[in-house]
Each structure stands twice: as C-alpha cells, then as structure tokens.
Amino acid sequence: MHETAVIFLEFGAVLLGLGILGALALRGGISPIPLYLIAGLAFGTGGVLPLATSESFISTGAEMGVVLLLLTLGLEYNADELVTSMTSNFRAGLVDLVLNAAPGAIIALLLGWGPVAAVAMAGVTYATSSGITAKVLSDLGWIGNRETPTVLSLLVFEDLTMAIYLPVLTTMLAGLSLLSGAISVGIALLTVSVVLVVALKFGRYIEAFVRSPNNEVMLLKVVGLALLVAGLAQQLQVSAAVGAFLVGIALSGQLAEDAHALLAPLRDLFAAVFFVFFGFQTDPSKILPVAGLAALLALISMITKLLTGMYAARRAGIAKAGQARAGIALIPRGEFNIVIAGLAVGAGVHPDLGALAAAYVLILAAFGPLAAKLVQPLITAITERAA
C-alpha cells in the first residue's frame with residue numbers, strides 16, 4: 001500500500017479513536033487526557049497496535065499542539081500583567097525550583113547514578129507540563145480565577161529556567177567545556193529577553209500587522225507568526241512553547257478574544273494529538289519494573305507542587321480554595337520532562353533513567369487532570385461553607 005495512504009489510514013483511525021474516547025470522557029464527566037495517554041500506549045512501541053508509518057507525522061502534529069496550547073494561554077494575558085506577576089512571584093519561583101528539583105536529584109544520587117543523572121532527574125521532577133496545565137485550566141473553567149495569573153507566572157518562570165537549564169544539561173551530557181556552556185546559556189537568555197522586549201514595547205505594531213476583518217486571513221497570520229517565533233526560539237535553544245506564549249501576550253483586547261475563538265478548535269485537535277504522541281514514546285513493558293519507585297517519586301512531587309502552589313497563591317492574597325486549585329494545577333508533568341529524559345538516555349547516562357522518567361511522567365500526566373476534576377467539587381463545597 002502507498003505510504004501516504006497508510007498515513008491517512010493510521011492518522012484517521014487515531015483521530016476517530018480520540019473522538020470516541022472524548023465522548024466517553026464527556027459522558028463520565030472527566031478530563032479526556034488520561035484516556036488519550038492510554039491510547040498512546042496502545043498505539044506506540046510495545047503497544048497493541050503500533051503505528052510505525054505515521055509516527056513522524058503525528059510527532060509534528062504533537063509539537064504544534066504544544067505551540068497552540070501555549071499561544072492560546074498567552075492570549076489570556078498581556079505583557080504588563082505577565083511582568084508584574086513574574087516580579088511579584090519571583091520568590092515563589094525559587095521555592096518551586098528548590099522543592100521540586102530536589103526529589104529527582106536525591107533519588108538519582110541514592111541510586112548511585114552519578115551527578116550528571118542527578119542533574120537530569122532534577123529537571124524531570126521540576127518542570128510542570130505547561131500544555132497539560134493549560135488544558136486543565138481551560139477544561140475546568142479556571143482561566144478567569146484569581147489564582148490563575150499566579151499559576152501562569154510560575155509556569156513562565158519554569159520555562160525561562162529551562163532556557164538556562166537545557167543548555168547546561170546538554171553541555172554536561174556532551175562533556176563540553178565551561179566556555180561552550182556559558183555561550184549556550186547566554187544565547188538562550190538573550191533570545192528570551194529580545195522576544196519579551198518586543199512583546200512589551202512593540203505589541204501594538206504586531207497587533208496592527210495581525211488584525212484583519214477576514215477571519216481566515218487573521219487565523220493564518222496568528223498561527224504563522226506563532227510557529228515562526230516558536231521555530232526561531234527552538235533554534236536558539238529556547239523552548240518553542242515560550243516563543244508561542246510570548247506571541248500570545250503581545251496580542252490583547254478584542255483582537256486577542258477573536259484570535260482565541262478562532263484558534264480553540266485547532267488547538268483542541270492538535271492538543272489531543274500531543275497527548276497521544278506522549279503515550280507513543282513509552283514502552284509499557286519497561287514501566288512495570290520501576291512502577292513502585294516512580295509512584296513514590298510521583299507522590300512526593302504531588303506534595304511539593306501542592307505546597308508550591310499554595311505558598312505562591314497565599315503570597316498573592318488568594319483564599320484557601322484558590323490556593324488548593326493553584327497547587328493542583330501545577331501537578332502534571334509532560335513535554336519538558338520527556339525531552340530531558342530523552343536527552344539523558346540518548347547520552348547513555350543510565351539505562352533505567354528513561355523508564356523511571358516515563359513511568360513518573362505518565363502517572364502525573366494522568367493523575368493531574370483527574371485530581372483537578374475530583375477535587376473541584378470539594379473545593380466548591382468548602383468555599384460555600386466558609387462563605
């Protein structure tokens with residue numbers, strides 16, 4: 001059979017399957033993300049129906065999903081709000097870094113994997129999944145809540161920290177000199193600074209360029225600009241998600257609302273593909289031997305992220321219900337964590353690191369949305385009783 005036909009058949013089957021799973025999730029009143037992840041396990045390496053032909057095609061769609069998730073999240077805020085929120089939550093960002101990087105590093109050292117593996121595992125346990133958290137905030141209607149800017153500022157703080165961390169990690173993995181590592185970090189910081197300054201100072205010009213009375217033209221401009229900036233950011237060793245997010249915050253007012261409405265269906269489509277591809281990358285047979293250790297590490301991380309969110313929200317003067325929501329929203333792990341583990345495994349740091357990281361991320365990627373959904377009624381009841 002022709003390769004293009006196989007890709008269409010496999011990709012069509014994946015999308016149709018996701019539609020059915022999404023319908024089941026809606027009927028059960030839960031987030032569809034865990035079901036998408038399970039589908040990825042079934043269709044990936046070692047699964048029931050591995051889809052080898054369309055994997056690269058789905059991989060590209062998954063990366064677009066992350067870009068669109070962060071672009072639409074950025075449209076909810078403007079640059080001034082972002083800078084103010086990050087400035088006021090800088091201390092909370094440092095608490096987040098210490099509390100959540102430590103468990104991964106300690107586990108690696110206790111297992112005797114060495115300092116390089118400890119640095120890699122620190123990144124695996126530190127970063128919240130911006131993509132999954134954005135989806136949870138949207139699905140549960142938490143976007144307009146008072147604690148959401150606090151959560152957002154922590155996510156951006158983590159992404160900017162990754163802009164420094166990833167060049168350092170790759171330098172350590174490659175055994176390069178200190179000078180090479182310093183140059184990589186400098187390029188990453190300069191890139192983020194330039195994009196942020198452009199968003200702050202020249203946002204009105206970007207809006208004038210993007211604005212159009214025709215929805216089709218505006219959609220093409222917004223998506224094209226986001227992908228262009230995301231690609232440039234990735235090329236300069238900064239997260240593509242950061243680039244797309246900054247494009248979103250450069251747009252504001254009615255233009256941002258119109259762009260958000262146009263992008264929502266496209267975002268949901270590619271976001272679902274991202275969660276499936278995440279499952280693709282995990283071989284189910286390798287998860288069982290490290291499942292116990294991964295569950296323990298996941299439990300510790302749930303507690304540290306909950307404490308982080310509650311601390312940051314309390315500093316912002318938010319009530320206890322909002323503090324709990326902030327902590328729960330930070331639980332999921334996802335794209336960054338898998339990228340970090342993949343770099344370490346590719347460099348041959350330790351053969352068990354990849355399986356442990358995959359099991360750990362899978363637990364939190366699935367449990368995070370479920371926890372948010374299950375705890376929401378309890379938070380609402382507590383709030384009403386307190387009122």
Side-chain angles (χ1 to χ4, degrees), residues 1-70 72-73 129-143 223 260-285 287 331-335 338 358-359 361-377:
M1 189 181 294
H2 196 278
E3 183 176 345
T4 303
V6 175
I7 290 176
F8 285 166
L9 285 170
E10 291 185 349
F11 191 57
V14 168
L15 292 183
L16 182 59
L18 292 179
I20 295 171
L21 291 175
L24 292 174
L26 286 175
R27 180 169 295 183
I30 63 172
S31 169
I33 293 174
L35 299 182
Y36 294 161
L37 292 170
I38 293 172
L41 287 173
F43 291 133
T45 303
V48 179
L49 294 171
L51 306 180
T53 305
S54 61
E55 184 171 349
S56 60
F57 183 77
I58 293 176
S59 171
T60 303
E63 292 173 5
M64 287 188 63
V66 176
V67 168
L68 292 176
L69 276 169
L70 270 295
T72 53
L73 189 61
S129 170
S130 300
I132 298 178
T133 296
K135 180 69 172 171
V136 169
L137 293 174
S138 176
D139 286 349
L140 296 180
W142 291 0
I143 290 292
V223 174
H260 191 284
L262 290 173
L263 285 167
L266 197 63
R267 173 203 63 195
D268 293 340
L269 170 65
F270 285 104
V273 174
F274 160 69
F275 297 122
V276 169
F277 183 71
F278 177 78
F280 269 23
Q281 298 171 301
T282 306
D283 186 345
S285 65
I287 292 179
I331 287 176
R333 306 298 200 276
E335 58 274 12
I338 289 298
V361 173
L362 187 62
I363 291 170
L364 293 182
F367 182 78
L370 284 175
K373 178 67 177 179
L374 294 173
V375 172
Q376 172 64 18

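Note: hydrogens, waters and symmetry copies are ignored here, and every other heavy atom, side chains too, is used. Quantities reported herein were computed from a predicted structural model and do not represent experimental measurements.
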Practice problem: Locate the shortest heavy-atom distance separating Ala272 from Tyr36; write the atom from each residue and the value. | Solution: CB-CE1, 3.8 Å

Self-check item: Nearest heavy atoms of Ile132 and Arg333, plus distance in Å
Solution: CD1-O, 3.5 Å

Quiz prompt | Atom pair CD1/OG1 of Ile143 and Thr72 - distance to nearest 0.5 Å | solution = 8.0 Å

Quiz item: Distance from Leu21 atom CG to Leu16 atom CG, nearest 0.5 Å?
Solution: 10.0 Å

Self-check item: side chain to side chain contact (heavy atoms under 4.5 Å, CB included) evaluation trace for Val223 with Val67
Solution: CA-CA 9 Å; Val223 174; Val67 168; over 6 Å; no

Quiz item: What distance do Leu263 atom CG and Phe270 atom CZ have between them, rounded to the nearest 0.5 Å?
Solution: 11.5 Å

Quiz item: Do Leu68 and Leu269 touch side chain to side chain, with heavy atoms closer than 4.5 Å?
Solution: no

Self-check item: Taking every non-hydrogen atom, the tightest pair across Gly368 and Pro332
Solution: CA-CG, 4.0 Å

